[in-house]
Number of protein chains: 2
Amino acid sequence: MVLDTATAQRQVLDAADALFYERGVQAVGMDAIRAASGVSLKRLYQLFPSKDTLIEAYLDRRDALWKSMLAEHVDAATDPRARILAVFDFLSDWFQQRDYRGCAFINSFGELGTVSPRVADLASQHKEGFRQALTELSKAAGAADPDRLADHLILLSEGAITRSAISGTADPAARAREAATMILDASLKS
Amino acid sequence: MVLDTATAQRQVLDAADALFYERGVQAVGMDAIRAASGVSLKRLYQLFPSKDTLIEAYLDRRDALWKSMLAEHVDAATDPRARILAVFDFLSDWFQQRDYRGCAFINSFGELGTVSPRVADLASQHKEGFRQALTELSKAAGAADPDRLADHLILLSEGAITRSAISGTADPAARAREAATMILDASLKS
DNA sequence: AGGATCGGAGAACGTTCGTTCTCCGAGGTG
DNA sequence: CACCTCGGAGAACGAACGTTCTCCGATCCT
């Protein structure tokens with residue numbers, strides 16, 4: 001069975017995503033990705049010349065996918081305050097996925113943050129992107145200090161992400177949403 | 001140089017703690033722990049019959065140490081509301097440590113949560129202990145719903161823990177403290 | 001003092017991993 | 001048909017790992 005470059009790459013990334021996310025990057029060997037993707041080892045290495053390259057591609061794709069899912073939820077609402085709360089509905093949906101295992105960037109950072117500056121950078125950029133999205137939403141809602149409000153909201157979000165992973169329940173999303181409404185009430189005097 | 005069991009154990013745990021925490025559990029070999037502890041491999045294995053045992057001991061000690069440091073900060077305050085806010089001062093102190101790398105339990109869970117139920121359990125228990133401490137503090141402060149308040153506070157704490165690790169600054173502790181005061185103002189109508 | 005016990009240093013073993021290499025068949029081109 | 005290129009299957013390689021073993025000197029008991 002011969003595959004064109006684009007589909008081979010997609011199959012490898014699909015396999016890498018599933019395995020890396022479920023078991024962590026270090027616990028997954030290139031041979032497991034070969035087996036799961038159905039792509040030969042030779043081809044795998046000409047698509048991604050090293051495991052590090054593949055890890056980077058895995059994180060890049062996660063980042064793009066995550067951002068688009070977030071935007072989808074947020075854009076379903078029009079009221080500025082509802083758009084902020086939609087973030088927590090997005091989290092709730094995410095946490096309910098059967099294979100939810102926390103944030104890939106937090107997990108990868110924990111595994112490789114000291115040893116791989118590249119992974120540390122990607123994690124930092126991913127979180128910075130989230131922070132900027134929250135800042136925009138806060139501005140649109142007329143917050144007096146949008147940066148500060150964004151900081152408060154991101155703390156609730158990140159807390160929910162890790163708590164949901166460790167407890168194995170989606171509940172933290174609802175708790176974070178409650179806390180967010182309190183913070184919004186105090187920050188948006190309108 | 002011959003060491004009694006107690007000091008050998010302590011030296012091994014000291015080395016394991018430093019290395020596991022800095023580089024992650026999987027990235028540290030038993031030989032690195034031998035070298036850093038100055039204890040022979042033979043002795044190391046009679047103190048801790050496997051790497052898994054050592055990882056467990058590492059997490060156990062982290063849990064105990066963490067709890068005692070938290071209690072120390074909390075007990076320095078007497079006013080119930082100040083005792084809650086002291087949690088965030090503790091986090092701030094923790095984040096400013098030169099080698100701060102996030103929560104060992106979150107990191108280990110990300111690395112081994114799927115593959116090691118023991119580690120998943122320890123992480124879950126550690127976080128549950130924190131939650132109970134916050135519930136007690138919330139009760140003492142006269143919260144109408146102490147469980148819920150504890151949930152909100154823990155989200156801020158966990159969020160600060162991971163954000164501080166990834167951003168490399170201690171700032172999130174101050175942001176979490178601000179958000180906590182808002183939540184307290186809304187939850188403790190007194 | 002002599003024998004037994006213990007621990008230190010580090011070699012050794014079996015496995016796994018990242019990466020490369022070899023061999024071979026399939027398909028396109030003259 | 002002859003030739004060349006490409007990719008697949010998987011062996012091979014060198015390093016690292018967790019764990020065990022060997023050898024040997026020190027210490028303790030009687």
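Computed from a predicted structure; not experimentally measured. Per chain, numbering begins at 1; letters A, B, ... match sequence-line order.
- Among A/Val25, A/Ile33, A/Val28, the single residue meeting the side chain to side chain contact (heavy atoms under 4.5 Å, CB included) criterion with A/Leu54 is A/Ile33.
- Each of A/Gln46 and A/Leu41 was assigned the nucleotide of DNA chain D with the nearest heavy atom; the assignment lying further toward the 5' end belongs to A/Gln46.
- Distances were taken from every side-chain heavy atom of A/Tyr45 (C-beta onward) to each of D/dA9, C/dT20, D/dT19; the shortest belongs to C/dT20.
- Note: CG (B/Asp31) to P (C/dG10) measures 10 Å, nearest angstrom.
- Rounding to whole angstrom units, CZ of residue A/Arg43 and C1' of C/dT20 are separated by 18 Å.
- Between A/Lys42 and D/dG8 there is no side-chain polar atom (N or O) within less than 4.0 angstrom of OP1 or OP2.
- Rounded to a whole Å, the CZ atom of B/Arg23 is 13 Å from the P atom of D/dA16.
- Rounded to whole angstrom, the span from the CG atom of B/Asp4 across to the P atom of C/dC6 amounts to 16 Å.
- Atom pair A/Gln26:CD and D/dC17:P shows a separation of 11 Å (rounding to whole Å applied).
- For A/Leu19 and C/dG18, the CG to C1' distance is 16 Å, given to the nearest whole Å.
- Across the protein-nucleic acid pair, A/Leu47 atom CG and D/dG8 atom C1' stand 14 Å apart, rounded to whole Å.
- Of the listed nucleotides (D/dA9, D/dT20, C/dG18), C/dG18 has the atom at the smallest distance from the side chain of A/Met30.
- Results of the ring-ring contact (aromatic ring centres under 6.0 Å, His included) test with A/Trp66 over A/Phe130, A/Tyr21, A/Phe105 single out A/Phe130 as the only residue that passes.
- Side chain of A/Thr114 to main chain of B/Glu22: a donor-acceptor pair is present (N/O by atom type, distance under 3.5 Å, no hydrogens or angles).
- Here D/dC17 presents its C1' atom at 14 Å from CZ of B/Arg34, a figure rounded to the nearest Å.
- Counting heavy atoms from C-beta on, the side chains of B/Asp185 and A/Met182 never come closer than 4.5 Å.
- Comparing A/Asp52 and B/Ser40 by the nucleotide of DNA chain C whose heavy atom lies nearest to each, the residue mapping closer to the 5' end is B/Ser40.
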